[in-house]
Amino acid sequence: MDAGADPGGIGVLDLQGGVQEHLDHLRRVGVATRPVKRAADLAGLAGLIIPGGESTCLSRLLTIFGLDAAIRQAYDQGLKLWGTCAGAILLARESVGETPFLGLIDIAVSRNAFGSQLDSFNREALAPAVAREPIPLTFIRAPKIVRAGERVRVLLRLDDYIAAAEDDRILVTVFHPELTPSLAFHRYFARKCGLSVVGDDDAGLDPDWTPLSWTRFSSHA
Ligand code: GLN
């Protein structure tokens, strides 16, 4: 989709981390999308995904490019936000032992709470507000959400932590739906943004998805 071609779509912050996978999932659910590298790219968007990656790196790049202020301003004007993993860390009002960054949703996160990169894992769980069937979840050196404020709804609680939550304008997930065949969270966020989607709300599994679908190997064959 060309930049600016469809105002009202969902942008994906394109500084570092899992950008292409989110763009692909949004296209699979029939939503107009584009990468967001500069403040001007935010114009007309209904929503923005801040992807997973490395939150310290992302926060520095956001500051360097002046995108932190631009995102705050767009949020004040109605932009909906979804942070996956590092993105959730950047959106949290409180980060245990660290200085919060955007601080826009009333949650506390604990970074790297499962251990090192080698402690990354997959599991499945039912998030009834999001899909009727259990959803595959991929956790990559994930944070835990350890507190949710009064206005925050918990969408998925697992063991001793919250894995997905939202308030009226922000969605946070500590796992990576874009790295699984499930489109359910992308549909959920698109609806939160007031956009229509294709497909329905079972586990949202895309039969054509493969773990390598984002690599574009075929175009270099
Ligand atoms: N461990 C990363 C951080 O603290 C987050 C990892 C991820 O986004 N998958 O920023």
Side-chain angles (χ1 to χ4, degrees), residues 10-26 33 35-37 47-65 67-68 71 81-125 127 130 135-148 155-156 158-166 170-186 188-189 209 211-215:
I10 296 176
V12 181
L13 183 71
D14 183 11
L15 298 179
Q16 189 261 337
V19 178
Q20 190 61 48
E21 298 86 341
H22 274 301
L23 291 168
D24 287 346
H25 259 32
L26 289 167
T33 183
V36 170
K37 278 187 184 292
L48 176 72
I49 296 177
I50 304 180
E54 210 289 320
S55 54
T56 309
C57 176
L58 275 165
S59 67
R60 288 185 185 162
L61 291 170
L62 280 162
T63 306
I64 288 168
F65 292 105
L67 268 163
D68 50 345
I71 289 171
L81 299 169
W82 174 14
T84 50
C85 203
I89 295 169
L90 295 175
L91 287 167
R93 185 158 302 165
E94 190 187 337
S95 182
V96 176
E98 306 202 7
T99 309
F101 190 66
L102 291 167
L104 295 174
I105 180 168
D106 188 15
I107 57 168
V109 292
S110 175
R111 275 184 79 190
N112 303 328
F114 297 92
S116 77
Q117 194 83 0
L118 293 175
D119 298 306
S120 300
F121 60 96
N122 293 311
R123 66 174 287 180
E124 274 194 359
V130 177
I135 298 173
L137 308 169
T138 294
F139 294 73
I140 303 174
R141 208 179 184 204
K144 289 181 179 179
I145 299 171
V146 294
R147 179 187 68 75
L155 296 173
L156 180 59
L158 296 167
D159 307 325
D160 64 343
Y161 63 97
I162 296 163
E166 66 176 356
I170 298 182
L171 172 66
V172 282
T173 59
V174 301
F175 49 85
H176 292 266
E178 78 284 6
L179 298 180
T180 76
S182 176
L183 304 174
F185 268 91
H186 289 76
Y188 188 78
F189 183 61
W209 181 91
L212 295 180
S213 55
W214 60 276
T215 60

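Reckoned from all heavy atoms, side chains included, excluding hydrogens, waters and symmetry mates. Counting starts at 1 for both ligands and their atoms, following the listed order.
Scanning for side-chain hydrogen bond (donor to acceptor under 3.5 Å, both in side chains) contacts around E124 gives an empty result, with sequence neighbours left out. Residues meeting the ring pair (Phe, Tyr, Trp, His ring centres under 6.0 Å) test with F121, sequence neighbours left out: F114, F139. Under the rule for a side-chain hydrogen bond (donor to acceptor under 3.5 Å, both in side chains), the partners of D106 that lie at least two apart in sequence or sit in another chain are R147.
The aromatic rings of W82 and H22 sit perpendicular, their planes meeting at an angle over 60°, well past the 30° parallel limit.
Salt bridge present: E54 and R111 bring a charged side-chain N and a carboxylate O closer than 4.0 Å.
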Put together the list of close N/O pairs, under 3.5 Å, between ligand 1 and the protein, could you?
residue  : atom   : partner : partner atom : Å
ligand 1 : 1 (N)  : N112    : OD1          : 2.7
ligand 1 : 1 (N)  : R141    : O            : 2.9
ligand 1 : 4 (O)  : R111    : NE           : 2.7
ligand 1 : 4 (O)  : R111    : NH2          : 3.0
ligand 1 : 8 (O)  : G53     : N            : 2.9
ligand 1 : 8 (O)  : G53     : O            : 3.1
ligand 1 : 8 (O)  : A86     : N            : 3.0
ligand 1 : 9 (N)  : I140    : O            : 2.9
ligand 1 : 9 (N)  : H176    : NE2          : 2.9
ligand 1 : 10 (O) : S55     : N            : 2.6
ligand 1 : 10 (O) : S55     : OG           : 2.7

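Scanning all heavy atoms of the two residues, the minimum distance from A113 to K144 falls at CB-CG, 3.5 Å.
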